[in-house]
Amino acid sequence: MFDHRLFWTDSQCLKHGGWLLLLVTALLYLPGTDVIPLMDRDEPRFAQATVEMMERGSWAVPYFNGEYRFDKPPLTYWWMQLHFLLFGVGEMGARLHGIVAVFLTALVTRGLAQRVSGSARTGFIAGLLWLTTAQVLIHGRLCVADMPMISCVTLACRSLIELVVMPLEKPRARWWWTLWLALGFGFLAKGPIAWFVPVSYTH
């Protein structure tokens, strides 16, 4: 049974912290996401390009208004197609990938802070701070490629810390695989910009 009076112990944070971060994500990011119209120029373009890809049966080539759209790599279109298929074409389906990426980044941030500090409580606080940062609250509910890219960059940085800062404490193979997958998906999310932070970290 969860006892809020004991939550700030490391064992309670380790046991319940992930579920609480999921709850905070749902409470902060889901309300209104399905009714606020797509805004700016980027949200409608991403959504329309995804719809046109679905209509053409294409998973590789993005289109917008019947013309090729190679402005962004395809990961966001793929992710949005999945949500459109599950929940229908609409604002929620268009934006849900960003919210999922925000939550995944919170989990990676939590794990990274816990790993560095040795405290599950510190890890939970780090994840909570990420979820409640003003810029994240804004961009996490937008139909764009930023949050998937940030999620991949954060995971790549976590892998580098395991490989470079703490190389002898855990098996290295899985972190090498995690690093390359994170860099690969980061590239598919927003191009080579996803490599700048991890590469600069190694120098």
Side-chain angles (χ1 to χ4, degrees), residues 17-18 21-22 24-26 28-29 33 42-43 45-47 49-50 53 59-60 62 69-84 86 93-116 123-124 126-167 170-203:
L21 290 178
L22 178 60
V24 171
T25 303
L28 290 180
Y29 292 87
T33 300
D42 288 331
E43 280 199 297
R45 290 180 179 180
F46 270 103
T50 303
M53 290 176 71
W59 282 85
R69 185 175 195 261
F70 297 125
D71 299 57
K72 303 292 181 184
L75 180 63
T76 301
Y77 303 125
W78 294 342
W79 208 340
M80 286 173 60
Q81 282 193 57
L82 176 62
H83 291 155
F84 281 164
L86 290 175
R95 291 174 170 144
L96 191 57
H97 73 280
I99 297 174
V100 174
V102 165
F103 172 65
L104 293 177
T105 307
L107 290 182
V108 176
T109 302
R110 173 197 177 203
L112 176 57
Q114 179 178 323
R115 179 77 168 113
V116 172
F124 173 76
L128 189 62
L129 288 173
W130 161 258
L131 290 175
T132 54
T133 300
Q135 196 72 14
V136 179
L137 286 166
I138 295 171
H139 281 85
R141 299 175 62 172
L142 295 179
C143 168
V144 291
D146 297 77
M147 279 303 153
M149 185 269 291
I150 290 172
S151 185
C152 292
V153 168
T154 307
L155 184 58
C157 290
R158 168 75 198 275
S159 303
L160 283 171
I161 286 178
E162 295 288 349
L163 292 167
V164 178
V165 179
M166 304 172 178
K170 280 192 174 184
R172 296 167 60 89
R174 67 168 178 164
W175 289 112
W176 277 114
W177 279 108
T178 304
L179 172 63
W180 294 119
L181 287 172
L183 291 175
F185 280 109
F187 184 90
L188 288 174
K190 208 165 181 179
I193 190 173
W195 296 346
F196 289 169
V197 173
V199 169
S200 63
Y201 178 82
T202 60
H203 289 289

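Scope of the values below: all heavy atoms of this structure, side chains included, with no hydrogens, waters or symmetry mates.
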Would Phe124 and Gln114 satisfy side chain to side chain contact (heavy atoms under 4.5 Å, CB included), going step by step from the backbone distance to the final call?
-> CA-CA 8 Å; Phe124 173 76; Gln114 179 178 323; over 6 Å; no
Reported CG-to-OG1 distance for the pair Leu82 and Thr50, which is rounded to 0.5 angstrom = 11.5 Å
Below 4.5 Å, heavy atoms only, C-beta onward: do Met80 and Arg95 meet side chain to side chain?
-> no
Thr109 and side chain to side chain contact (heavy atoms under 4.5 Å, CB included): which partner among Thr154, Leu129, Leu155?
-> Thr154
Does Leu28 reach the side chain of Thr132, with side-chain heavy atoms less than 4.5 Å apart?
-> yes
Where is the tightest heavy-atom contact between Ala113 and Gly123, given as atom of each residue plus distance?
-> CB-CA, 3.8 Å
CG-NZ distance between Asp146 and Lys190, expressed to the nearest 0.5 angstrom = 3.5 Å
Residues Ala145 and Ala189: closest non-hydrogen pair is CB-O, 3.4 Å
Evaluate the side-chain proximity of Phe187 to Met149: yes if any heavy-atom separation is below 4.5 Å, no if none is.
-> no
Could you state the interatomic distance from CG (Leu86) to CD (Gln81), rounded to the nearest 0.5 Å?
-> 11.5 Å
For residues Leu131 and Val136, determine if any side-chain heavy atom of one lies less than 4.5 Å from a side-chain heavy atom of the other.
-> no
Tyr77 vs Arg69 side-chain heavy atoms within contact, under 4.5 Å = yes
Can you name the nearest heavy-atom pair linking Cys143 to Ala47, along with the distance?
-> SG-N, 4.0 Å
Stepwise, does the side chain to side chain contact (heavy atoms under 4.5 Å, CB included) test hold for Thr25 with Trp130?
-> CA-CA 10 Å; Thr25 303; Trp130 161 258; over 6 Å; no
Taking every heavy atom of Pro73 against every heavy atom of Gly191, the minimum-distance pair comes out as CG-N, 3.4 Å
Report the distance from atom OH of Tyr29 to atom CG of Leu96, rounding to the nearest 0.5 Å.
-> 13.5 Å
Would you say His97 and Met147 make side-chain contact, with heavy atoms under 4.5 Å?
-> no
Minimum heavy-atom distance between Gly140 and Val102, given as atom pair plus value = CA-CG2, 3.6 Å
Show me, pair by pair, the donor-acceptor contacts under 3.5 angstrom made by side chains of residues 176-185, not counting sequence neighbours?
unit_1: Thr178; atom_1: OG1; unit_2: Arg174; atom_2: O; d: 2.7

4.5 Å side-chain heavy-atom contact, Val153 and Trp195 | no
How long is the gap from CG on Leu112 to CG on Leu107, to the nearest 0.5 Å?
-> 12.5 Å
For Leu21 and Ala106, work out which heavy atoms get closest and say how close.
-> CD1-O, 4.2 Å
Under the 3.5 angstrom rule, does the side chain of Glu162 hit a backbone N or O of Trp175 as a donor-acceptor pair?
-> no
Could you tell me the separation between the CE atom of Met53 and the CH2 atom of Trp59, rounded to the nearest 0.5 Å?
-> 8.0 Å
Any side-chain heavy atom of Val100 within less than 4.5 Å of one from Trp79?
-> yes
Side chain to side chain contact (heavy atoms under 4.5 Å, CB included) test vs Phe103 passes for just one of Leu22, Val108, Val24, namely Leu22
